[in-house]
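Following: one structure in structure tokens, then a few remarks.
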Amino acid sequence: MTKEFDLAALLAERGAERYELHAKYLNHQQPRMLRTIGFDKVYERAEGAHFWDADGNDYLDMLAGFAVMGLGRHHPVVRKALHDVLDASLADLTRFDCPPLPGLLAEKLLSYSPHLDRVFFGNSGTEAVETALKFARYATGRQRILYCSHAFHGLTAGSLSVNGEDSFRKGFAPLLPDTAVPLGDLDALARELKKGDVAALIVEPVQGKGVHEVPPGYLLAAQELLHRHKALLIADEVQTGLGRTGKFYAYQHSDGVEPDLVCVAKALSGGYVPVGATLGRDWIFQKVYSSMDRVQVHSASFGSNAQAMAAGLAVLSVMENEQIVANAAAVGERLKSRLAELVGRYELLADVRGRGLMIGIEFGRPQSLKLRSRWTMLQAARKGLFAQMVVVPLLQRHRILTQVSGDHLEVIKLIPPLIIDTADADRFVDAFTEVMEDAHNGGGLMWDFGKTLVKQAVANR
């Protein structure tokens, strides 16, 4: 007799095998990497900006699932919306009707960028970017896309074409016609536009890799250059959008900037149902969907599904009712200013930058001989190891989850849930201060771990 499916029983019976299952059936390097850096934890539950392990220890989440958990985990309003939409037994994804939820979510999203007119819903950030690239190329009749050095826009074939990290691109050519231009370099942009074949420039207003903000005035000047040459501006707000930087969209920090296409995802999901959205001008959509014969020329099988739309509507409601954007701005400013005060105190700490709750902490070459020799040892093995040395004790000793901002970067990126409060911010700064104090005083455990990382880096060459 077949047993009825019981999720709770299955997890109770097999949950302890999680790392072995990943090693055998999924990306086998993932558990290996986690064990190497001591991140192979077992988290039992989560709520808001915190995790708990089996022993009841509390962990502070300063990563938010790579910015997906904008409202933290298991927000009650989003949970209720999903229960409600499931209980409604809607006739979802018939493909031959026009259900209300996608239209309502599109209407609400567009209210935050009133210069835009229409929305395409997909399932992820990379799909949102793929949509923008396709729409820009079709609407302009041109093939080439410009992107900024060190950009990250996704890992599917189209978005990989505008990825500024060679290690991601290696081995996957040929890609779409593309050209990288330095972030903030208007002259380089102008030179490429003069060739007459550019469809668009895609740009993150704050780059996720390294947390680098576009220079003041760059977006507006770039927009004017692009439009003069009949090309489009695409703002990738997949990570920066929905309040992350203290404005609803990061491009809104620049007066007068009105991108032709805007990509969002991540936090719009509420952390539950994958969703991506590409917002654009009416004339672009009119060109792409120019006749009934082209009604399905760009679509997504699970796009606009009821669960994703309900989650998105609930997220936007919470953001307004709980003043999430204002909280990100205020707590982010406190966090950034307290961290900036440490730059002069610790010679290994080079810079603190960012906006709202998207903050980069950069480390640099120290002046004192003892620290400089240790720094040089790490750099010779692999750039980025010192930042990893900081991330590990933050988790192991202080139970705070963070990430290195990119491969071969000495930068830690903070992208916590937008609901964190001042106590959470102070907890991070206090823990970070202890780690930096330990590093500068030659703390044995930290530098011993550095030697382990060096050995691992050399072995992987």
Side-chain angles (χ1 to χ4, degrees), residues 62-70 112-113 125-126 128-129 132 146-154 159 162-165 180-186 189 201-223 233-259 261-268 279 324-325 327-333 335-337 339-340 350-362 402-406 409-418 420:
M62 297 295 284
L63 182 58
F66 299 138
V68 168
M69 302 294 180
Y112 295 99
S113 49
T126 195
V129 169
L146 303 182
Y147 64 96
C148 295
S149 302
H150 308 298
F152 185 93
H153 298 290
S159 61
V162 290
N163 192 311
E165 176 55 61
V181 293
L183 181 69
D185 191 333
L186 290 168
L189 175 60
L201 167 71
I202 184 168
V203 60
E204 302 157 275
V206 183
Q207 286 190 336
K209 183 174 181 180
V211 192
H212 292 288
E213 188 176 0
V214 296
Y218 173 74
L219 284 180
L220 183 59
Q223 176 179 278
L233 175 62
I234 304 171
D236 182 346
E237 297 270 3
V238 169
Q239 186 166 130
T240 55
L242 275 71
R244 169 63 53 191
T245 66
K247 295 275 190 181
F248 192 86
Y249 292 121
Y251 76 77
Q252 292 170 340
H253 290 286
S254 304
D255 291 340
V257 174
E258 295 184 344
L261 293 157
V262 175
C263 305
V264 297
K266 288 188 181 289
L268 186 61
L279 291 65
I324 298 298
V325 179
N327 186 72
V331 178
E333 179 57 34
L335 183 57
K336 181 182 171 184
S337 62
L339 288 168
D351 189 27
V352 174
R353 57 180 175 266
R355 280 189 181 269
L357 286 172
M358 186 171 182
I359 297 172
I361 304 171
E362 184 168 8
T402 56
Q403 69 167 133
V404 176
S405 181
L409 286 183
E410 296 290 4
V411 181
I412 291 175
K413 178 168 64 175
L414 306 181
I415 44 173
L418 306 181
I420 67 166

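Throughout, numbering of the chain's residues begins at 1 and tracks the sequence.
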Determine, stepwise, if the pair I359 / L335 fulfils side chain to side chain contact (heavy atoms under 4.5 Å, CB included).
CA-CA 9 Å; I359 297 172; L335 183 57; 3.7 Å; yes

List for me each residue that meets side-chain hydrogen bond (donor to acceptor under 3.5 Å, both in side chains) alongside [X], sequence neighbours excluded, and say none if there are none.
{"X": "T126", "result": "T156, S159"}
{"X": "E410", "result": "Q379"}
{"X": "D185", "result": "none"}
{"X": "H253", "result": "T245, R355"}

Evaluate side chain to side chain contact (heavy atoms under 4.5 Å, CB included) for V411 paired with R353, printing each intermediate quantity in order.
CA-CA 10 Å; V411 181; R353 57 180 175 266; 3.9 Å; yes

Determine yes or no for a side-chain-to-main-chain donor-acceptor pair under 3.5 angstrom, with [X] supplying the side chain and [Y] the backbone.
{"X": "E333", "Y": "S337", "result": "no"}
{"X": "K336", "Y": "G354", "result": "yes"}
{"X": "N327", "Y": "L418", "result": "yes"}
{"X": "K266", "Y": "F66", "result": "yes"}
{"X": "R244", "Y": "L357", "result": "yes"}

Residues passing the ring pair (Phe, Tyr, Trp, His ring centres under 6.0 Å) test with Y218, sequence neighbours excluded, are none

When rounded to the nearest 0.5 angstrom, what distance separates [atom1] in [X] from [atom2] in [Y]?
{"X": "L183", "Y": "L189", "atom1": "CG", "atom2": "CG", "result": "11.5 Å"}
{"X": "D255", "Y": "L220", "atom1": "CG", "atom2": "CG", "result": "8.5 Å"}
{"X": "L279", "Y": "Y112", "atom1": "CG", "atom2": "OH", "result": "12.0 Å"}

Test item: T402 and L63 side chains (from C-beta on) under 4.5 Å apart, heavy atoms:
no

Residue pair L242 / I324, side-chain heavy-atom distance below 4.5 Å:
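Answer no - side chains too far apart.
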
Please enumerate all residues that pass side-chain contact (heavy atoms from CB on, under 4.5 Å) together with E258, with sequence neighbours excluded.
H115, Q223, R281

I'd like to check the side-chain contact (heavy atoms from CB on, under 4.5 Å) partners of A180; sequence neighbours left out, ordered by chain and number.
Y147, S149

Test side chain to side chain contact (heavy atoms under 4.5 Å, CB included) on V211 and V206; report intermediate values, then the result.
CA-CA 6 Å; V211 192; V206 183; 4.0 Å; yes

Any idea which heavy atoms bring [X] and [Y] closest together, and the distance?
{"X": "C148", "Y": "V203", "answer": "SG-CG2, 3.9 Å"}
{"X": "L186", "Y": "A221", "answer": "CD1-CB, 3.6 Å"}
{"X": "A329", "Y": "G246", "answer": "CB-CA, 3.9 Å"}
{"X": "N163", "Y": "A151", "answer": "OD1-O, 3.3 Å"}
{"X": "L414", "Y": "P416", "answer": "C-CD, 3.5 Å"}
{"X": "G210", "Y": "S405", "answer": "N-OG, 2.7 Å"}

Taking atom NE2 of H212 as the centre, does the number of heavy atoms from other residues, nucleotides or ligands within less than 6.0 Å exceed 12?
yes

Show me the donor-acceptor pairs, under 3.5 Å and distance only, between side chains in residues 234-241 and residues at least two apart or in other chains.
unit_1: D236; atom_1: OD1; unit_2: V238; atom_2: N; d: 3.0
unit_1: D236; atom_1: OD2; unit_2: H153; atom_2: ND1; d: 2.6
unit_1: E237; atom_1: OE1; unit_2: T240; atom_2: OG1; d: 2.5
unit_1: E237; atom_1: OE1; unit_2: G241; atom_2: N; d: 3.4
unit_1: E237; atom_1: OE1; unit_2: A250; atom_2: N; d: 3.0
unit_1: E237; atom_1: OE2; unit_2: A250; atom_2: N; d: 3.0
unit_1: E237; atom_1: OE2; unit_2: Y251; atom_2: N; d: 2.9
unit_1: Q239; atom_1: OE1; unit_2: K413; atom_2: NZ; d: 2.9

Given the rule in the side chain to side chain contact (heavy atoms under 4.5 Å, CB included) test, do I415 and M62 qualify, once you have shown the distances and angles that lead to the verdict?
CA-CA 6 Å; I415 44 173; M62 297 295 284; over 6 Å; no

